[in-house]
Amino acid sequence: MSSTLLELTRAAHEDVERFERLIVKDLQNEPASNKDRLAQSHRVRHMIDQITSTTHKLVDIYEDKDNARKDEIAALGGQTATGTNVFSAFYDRLKEIREYHRRHPSARVLDTTDELEQLLEEEPQIEFSGEEAYGRYLDLHELYNDYINSKFGKKIDYTAYLDVFSQPQHIPRKLKMTRQYKDYLSKMTEYLVYFLERTEPLQDLDRLFLKVTAEFEEQWADGKVDGWKDEAQENGHATDKNTSELDLEYYSTVNDLVIIGPERLKEALGALGLKTGGTVQQRAERLFLTKHTPLEKLDKKHFAKGVRRPEQNGTVTAQHQNDDLKQIALMEVKIEKLCEILSEKIERTKENVEKKQAQIYEEIDAEREDEEVPDIESDDEDQQIYNPLKLPMGWDGKPIPYWLYKLHGLGQEFKCEICGNYSYWGRRAYERHFKEFRHQYGMRRLGIPNTKNFNEITSIEEAQQLWERIKEKQGVNKWRPDLEEEYEDREGNIYNKKTYTDLQRQGLI
């Protein structure tokens, strides 16, 4: 029944409308996390691709290049070769329907709504590297290694590379005319496009690149492309070549060329596409060959790797070189545009790299585990904890038992200024702290002995005033540290300084 062209057209329109309703329904749900947002975007992108594919089929049907749709409409109207017979066409169609149901008595109308609804529950499989952290950061380590190991790159660290990789126009012009640089740009463009397709699947890159290409063509024709603003746009690198070539008519021997120096010879050889390595003598000999031998007759071994040999007419294929330079410039413009779109992620990647450089391995590993664990207890955490007695919180974030609160008096807070405003919960802990190391260290720092006279004193000002009064009475009651200064051993026994020192020397404590 669905084999007729009109029925296929109706079913295609129905599928398009169903996908449109599903897209609206999916976009009405606000994603809770970055992972959910990516899954939603990829689902919507998949449904848009389905709509596009179905629409292309409808366009082919409506164009009706084989007149099949026109013939089917004519057949429904009863138009035949002998004339028009509406009733005959109607009964033929009715007979066909009855025959179909006779052969398929159990056939029923299939509702594909439930099947399409399942698309909203699917989680697309999106591949990200560990460094990309599910699309939060970029992973440019491979491109970074290519950059620092190339002739056009510099020996910089990864964080500095994140600042300069989006600015290829700052690379010197003469270093761009190599196959290595072209492959580097191609690899970078491919990665940025692939990353954007995974993180922003709803971005229309085809339309974006069409606009970028159109603007580039206008700027290229006017010579206004950044990094290529000179007259060499029209004839490749002819400007560099003309300024670098030497007029060999003024040099009669190889030794005359040696005098001009290795750097000048290197520039002249590079302008002709010849190898620039070797000693000064070898460079001069290689360049002197071109005085009496045309470039197209030179052996291939004299030309640099990746450089095309000149044509038989003795001229370099300027048009081909111009096309290569134009292609390189276009890739640079595309990279700048992609980096502009990903500017936020690039900045976030730089911050993440700088943060990792200040972390140890355990901290990085713990952070990675926290990112992998889904937040499924957020609803429980938002619930208010029932604590009518205002009991202190324990290590697990819950109120401590009431019996423990009453036993230790944990409801009372005592602060000691001498201990650095440290809080002691409960009377028992407060009384014991006067004999602990923290309090003894605080008293020693103030230059005050920790004796019984200073019990229950937690204020620095009160302790200093009391110590001043004690020093005034030293003439009558002189303080004797050997007998009055107290020490505590590991078992909690209290000794004066003299006894404690004697027992420690004997090894008893």
Side-chain angles (χ1 to χ4, degrees), residues 138 140 142-154 161 164-197 203-244 270-276 295 300 303-311 313 315-342 346:
L138 281 83
L140 300 174
E142 184 176 352
L143 292 168
Y144 166 69
N145 291 330
D146 293 343
Y147 178 81
I148 62 176
N149 292 305
S150 64
K151 294 182 179 180
F152 57 85
K154 300 178 182 178
Y161 175 72
V164 302
F165 85 94
S166 59
Q167 304 169 357
Q169 68 273 13
H170 293 163
I171 298 176
R173 171 85 178 277
K174 61 181 180 180
L175 299 178
K176 296 181 179 181
M177 301 176 185
T178 59
R179 181 173 295 276
Q180 185 185 32
Y181 181 71
K182 185 177 180 180
D183 293 341
Y184 168 77
L185 290 182
S186 178
K187 189 184 295 185
M188 178 179 291
T189 306
E190 182 180 355
Y191 172 77
L192 294 178
V193 169
Y194 181 51
F195 183 82
L196 201 59
E197 288 175 348
Q203 186 78 247
D204 192 351
L205 293 179
D206 294 336
R207 180 179 298 179
L208 175 68
F209 285 150
L210 284 176
K211 182 179 179 181
V212 170
T213 304
E215 294 176 354
F216 168 79
E217 292 291 346
E218 296 179 2
Q219 295 178 356
W220 181 264
D222 298 337
K224 297 181 180 180
V225 180
D226 290 342
W228 305 85
K229 295 180 180 179
D230 54 30
E231 59 185 4
Q233 305 302 327
E234 299 179 0
N235 57 359
H237 57 282
T239 301
D240 294 340
K241 176 180 175 181
N242 293 335
T243 58
S244 300
L272 295 174
L274 301 176
K275 292 181 178 179
T276 59
L295 289 176
K300 291 183 179 180
F303 289 91
K305 185 177 181 182
V307 176
R308 293 169 58 95
R309 281 185 76 182
E311 302 296 336
N313 57 7
T315 61
V316 181
T317 56
Q319 184 61 36
H320 177 76
Q321 290 183 356
N322 186 48
D323 293 341
D324 286 346
L325 295 178
K326 186 176 180 181
Q327 187 177 3
I328 291 174
L330 178 59
M331 285 193 290
E332 289 182 354
V333 173
K334 288 182 178 179
I335 289 173
E336 291 177 13
K337 187 63 177 179
L338 292 172
C339 291
E340 181 182 344
I341 298 174
L342 297 171
I346 294 173

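The figures here come from the full heavy-atom set of this structure, side chains too, leaving out hydrogens, waters and symmetry mates. Computed from a predicted structure; not experimentally measured.
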(request) Please lay out, stage by stage, how T213 and L210 fare under the test side chain to side chain contact (heavy atoms under 4.5 Å, CB included). (result) CA-CA 5 Å; T213 304; L210 284 176; 5.8 Å; no

(request) Identify the heavy atoms of I171 and Y181 that sit nearest to each other, and give their distance. (result) CD1-CE1, 3.6 Å

(message) Using the rule given for side chain to side chain contact (heavy atoms under 4.5 Å, CB included), can you reason through E215 versus E218, listing the C-alpha separation, both sets of side-chain angles and the distance that settles it, and then say yes or no?
(response) CA-CA 5 Å; E215 294 176 354; E218 296 179 2; 5.6 Å; no

(request) Measure from the side-chain N and O atoms of S186 to the backbone N and O of K182, and report whether any donor-acceptor pair falls under 3.5 Å. (result) no

(message) Quick test of your reading of the model: are K337 and E332 salt-bridged, counting only N-O distances below 4.0 Å?
(response) no

(request) Kindly give the heavy-atom pair with the smallest separation between Q180 and N149, and that separation in Å. (result) NE2-O, 4.0 Å

(message) Return the CG to CD distance between L205 and E197, rounded to the nearest 0.5 Å.
(response) 6.0 Å

(message) Using every non-hydrogen atom in the two residues, find where L338 and T189 come nearest and quote the distance to one decimal.
(response) CD1-O, 4.4 Å

(request) May I ask you to check whether Y144 and F165 place their ring centers less than 6.0 Å from one another? (result) no

(request) Answer yes or no: is there a side-chain heavy-atom contact under 4.5 Å between I148 and Y161? (result) no

(request) Considering non-hydrogen atoms only, spot the tightest contact between Y184 and D146 and give its length. (result) CD1-CB, 4.2 Å

(request) State, yes or no, whether a side-chain contact exists between L143 and K187 at a heavy-atom distance under 4.5 Å. (result) yes

(request) Show the numbers, then the answer: is there a side chain to side chain contact (heavy atoms under 4.5 Å, CB included) between T178 and K151? (result) CA-CA 9 Å; T178 59; K151 294 182 179 180; over 6 Å; no

(message) Minimum heavy-atom separation for I346 and L138, please, with both atom names.
(response) N-CD1, 4.1 Å

(message) Applying side-chain hydrogen bond (donor to acceptor under 3.5 Å, both in side chains), can you list everything that pairs with Y194, at least two apart in sequence or on another chain?
(response) none

(message) Walk me through whether I335 and V333 qualify under side chain to side chain contact (heavy atoms under 4.5 Å, CB included).
(response) CA-CA 5 Å; I335 289 173; V333 173; over 6 Å; no

(request) Side-chain contact test, heavy atoms from C-beta onward, threshold under 4.5 Å: evaluate it for M331 versus K326 and give yes or no. (result) no

(request) Decide whether E142 and Y147 meet the rule of one side-chain donor and one side-chain acceptor closer than 3.5 Å. (result) no

(message) Less than 4.5 Å apart, side chain to side chain, heavy atoms only: is that true for D204 and D206?
(response) yes

(request) Answer whether the closest heavy-atom distance between the side chains of P168 and E336 falls below 4.5 Å. (result) yes

(message) Counting C-beta onward and ignoring hydrogens, is there a side-chain heavy-atom pair between F216 and K334 closer than 4.5 Å?
(response) no

(request) Measure the shortest side-chain to side-chain distance between C339 and L192 over non-hydrogen atoms and say whether it is less than 4.5 angstrom. (result) yes

(message) How close do G153 and S150 get, counting heavy atoms only, and between which atoms?
(response) N-OG, 3.2 Å

(message) Using 0.5 Å steps for rounding, measure from the CD atom of Q327 to the CG atom of L185.
(response) 10.0 Å

